[in-house]
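The structure appears right after this line, and notes come after that.
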2 protein chains.
Amino acid sequence: MNLEQVARRAKVSTATVSRVLNNASVVKSTTRARVVKAIEELKYHPNLHARSLAGGKSRTIGVIASNMENPFFFDIYKTIESDAHTRGYEVVMANTDYRSEQLVTSVRLMIGRRVAGLAVIVSEMAPELMDELNDARIPVVFYDVGTPRGNVTNIRVNYRRGIEKVVDYLHSLGHRRLGFIGHHAILGPINERMKAVMDAVARIPSLEVRTAADADTLEGGRQAARQLLSNGYEPTAIICVNDVTAVGVLRELRERGLRVPQDVSVTGFDNVKLSEFCYPALTTVHIPREQIGHIICESLMSKSGKSAVAEAEIVIDPEFVLRDSTGPVPPGK
Amino acid sequence: MNLEQVARRAKVSTATVSRVLNNASVVKSTTRARVVKAIEELKYHPNLHARSLAGGKSRTIGVIASNMENPFFFDIYKTIESDAHTRGYEVVMANTDYRSEQLVTSVRLMIGRRVAGLAVIVSEMAPELMDELNDARIPVVFYDVGTPRGNVTNIRVNYRRGIEKVVDYLHSLGHRRLGFIGHHAILGPINERMKAVMDAVARIPSLEVRTAADADTLEGGRQAARQLLSNGYEPTAIICVNDVTAVGVLRELRERGLRVPQDVSVTGFDNVKLSEFCYPALTTVHIPREQIGHIICESLMSKSGKSAVAEAEIVIDPEFVLRDSTGPVPPGK
DNA sequence: TGGAGTGATGTAAGCGCTGTCATCGAACGT
DNA sequence: ACGTTCGATGACAGCGCTTACATCACTCCA
């Protein structure tokens, strides 16, 4: 079922059918009606591949994230999708699961699809891959990628400020022995986030911190908590890299008979919906996901218009959110 | 950057480049090396649209779900994706957000992309849309769509059995006044699931039930609970259509000072990871999402091979999972 | 009355691939 | 020495669209 058959049935040329499909106003209304009728009768659906190929544009934007299971990323995705739709764009998503080969595959897939723009929401990305993307002349927006290269917009969260707020608050409650739970991608002193944590703690001499890591899933958080508490270390407060992980930690503590916040305080990061709904509700740091989604989409759209916009860095300041999972250090600890 | 330029640089024909790209073994290794070199030097990425168009196949399968935010659907999606990848297929996803126009749009988009197969994981679908899909000759697998039409495989969960197990268990604990929390799509006596609930309750004369609904989100569950409890009704047990909703209900009960399970019992459905991690851990019904994902993928693959396989219905029997959110009816209730 | 202007439609050349068929040189058997 | 076979490669016709550009029938005004 193709354009030509529709054209034949409506007794017009393929160009006219194409014009009808693309809402060109030049078509006479009686002709248009004939064409529409033929389309319906034949149950015709335009071939999007042919369209993209012939038109030289795909009207599609790609979103690559490291873990769509985490509602934080999904919220960003949803905003992008909604914004894109209102502008007549489609969105294709790819999940990398924190695997760098998967990231390479996904990026190439997006290039192959000739997406009109690409949002990359992963914490780590090889410089060569950034170059590859840059050479493909695809407008790109990074979220939270350490050191971007090329003509891209990079959106960063001031993680440092966020973590400082958390550390300061815990310190004000009298906590001294802290735990930090991250995930593979960010553990290691090279990582910006990891450094932020270490620096925030180092500012206050009386503070001590140990770290543990796993993927940012419920189960991962639990495993990491187990690991953190396994070698006799008894933190009075545990800082988590995000809310999902924190919920996993909450469970492990419960299982060990440790009450939150009476025995141990726990903090999350992101302020996803779940952080309000778990028990106890998490003290966390809000990151405005919708705003991030809007910025990404807008930036992508403006870039695909002009040829070469100067690269930009956008920094977002997170807000501290006080809930029920934090409390004063237990007496005698 | 296209095939021709690569061919020119490697001093071969476009056909040979194409053969290299598609791993045809007929190419002499020295020629292959020249081509690979040219591809790398030019940073060439094949245009997937052209490939699909010329090849007449897309090696892509589509997945449409009503709410990817719910980990239940996402788990199915992930399994499909992983299975598809091992077979060299790509996956594109679409989220309908329970909106029927969005479903129509998504289905047409998939047809337009000429996907090799399509999984539709939504509870409700207009018959005309099913016909449209059928006419497009795309292999389709439905999950949990009420009354499928055309040459499709339909995977159903024996919801009836699942809900009976829940109702029977609550009855055995002495509960009489029940609440059921669904979501828009399933409320209304026509719906299979709704009927299952009503029938399961009707079997036992002493039982009474009232219903409330909202979307299957944390917030939606909370709203629905509020609605259910707003008009003086005091159920001693609340059955939820899924786990996410149940976690929302848990929060509302906590806010009202009602203890679970001492004052009110709550049950979920699906047995997503979160159901173990929330507090209290949910008594629920397990639905094997990975199995469903595997079946979907396999069915799709086998269909795209043969021309017309007989339609099939696969029914999955759910299992009752006892945890901490259910207990005996409070004395005097 | 004739040419310019205009609105509606047709013609046809690609877009970047794949896949069929043709070609060509080398090795082989007789 | 000559036809045969075969492995390796090239030529080229599409796939189903979009989009200049051409065309054609009118209308309008000098």
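In the text below, chain A, chain B and the rest are named by the order of the sequence lines, each starting its count at 1.
- Contact record, A:R34 with A:V12: NH2-CG1, 3.3 Å, taken as the closest heavy-atom pair.
- Taking a cutoff of 4.0 Å between a charged side-chain nitrogen and a carboxylate oxygen, A:D131 and B:K43 do not qualify as a salt bridge.
- Of all nucleotides in DNA chain C, those with any atom nearer than 4.0 Å to a heavy atom of chain B start and finish, going 5' to 3', at C:dG16 to C:dG19.
- The nearest heavy atom of DNA chain D to B:G55 and to B:V26 marks one nucleotide each, and the one closer to the 5' end goes with B:V26.
- Residue contacts shown for A:T16 are limited to sugar-phosphate atoms, with no base heavy atom under 4.0 Å away.
- The phosphate of D:dT18 (OP1 or OP2) has a side-chain N or O of A:N22 nearer than 4.0 angstrom.
- If you take CG of A:N2 and P of D:dT18, they are 12 Å apart, rounded to a whole angstrom.
- In this structure, B:V17 and B:L3 approach most closely via the heavy-atom pair CG1-CD2, 2.9 Å.
- Shown here is A:E290, whose CD atom has no more than 12 heavy atoms of other residues, nucleotides or ligands within 6.0 Å.
- Between B:M93 and B:N95 there is a side-chain heavy-atom pair separated by less than 4.5 Å.
- Looking at every heavy atom in both residues, B:L42 comes nearest to B:V6 through CD1-CA, 3.8 Å.
- Closest approach of B:I39 and B:L21 over heavy atoms only: CD1-CD2, 3.8 Å.
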In a table with atom names and distances, give each donor-acceptor pair under 3.5 Å that connects a side chain of residues 106-123 of chain B to protein atoms at least two apart or in another chain.
{"from": "B:S106", "atom 1": "OG", "to": "B:Q102", "atom 2": "O", "distance (Å)": "2.8"}
{"from": "B:S106", "atom 1": "OG", "to": "B:Q102", "atom 2": "NE2", "distance (Å)": "3.2"}
{"from": "B:R108", "atom 1": "NE", "to": "B:E132", "atom 2": "OE2", "distance (Å)": "2.6"}
{"from": "B:R108", "atom 1": "NH2", "to": "B:E132", "atom 2": "OE1", "distance (Å)": "3.2"}
{"from": "B:R114", "atom 1": "NH1", "to": "A:H45", "atom 2": "O", "distance (Å)": "3.2"}
{"from": "B:R114", "atom 1": "NH1", "to": "B:I111", "atom 2": "O", "distance (Å)": "2.8"}
{"from": "B:R114", "atom 1": "NH2", "to": "A:H45", "atom 2": "O", "distance (Å)": "2.7"}

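- Of all the residues in residues 41-53 of chain A, A:Y44, A:P46, A:N47, A:A50, A:R51 reach under 4.0 Å from DNA chain D with at least one non-hydrogen atom.
- For the pair A:V27 and A:T14, nearest-nucleotide mapping onto DNA chain C gives the more 5' position to A:V27.
- A:N23 has its CG atom 16 Å from the C1' atom of D:dC17, to the nearest Å.
- For A:E4 and D:dT18, the CD to C1' distance is 15 Å, given to the nearest whole Å.
- Mapped onto DNA chain D by nearest heavy atom, B:T30 and A:R19 fall at different nucleotides, with B:T30 at the one closer to the 5' end.
- Here B:S13 does not reach the OP1 or OP2 of D:dT9: none of its side-chain N or O atoms lies under 4.0 Å away.
- For B:R87, the CZ atom sits in a packed shell: over 12 heavy atoms of surrounding residues, nucleotides or ligands are nearer than 6.0 Å.
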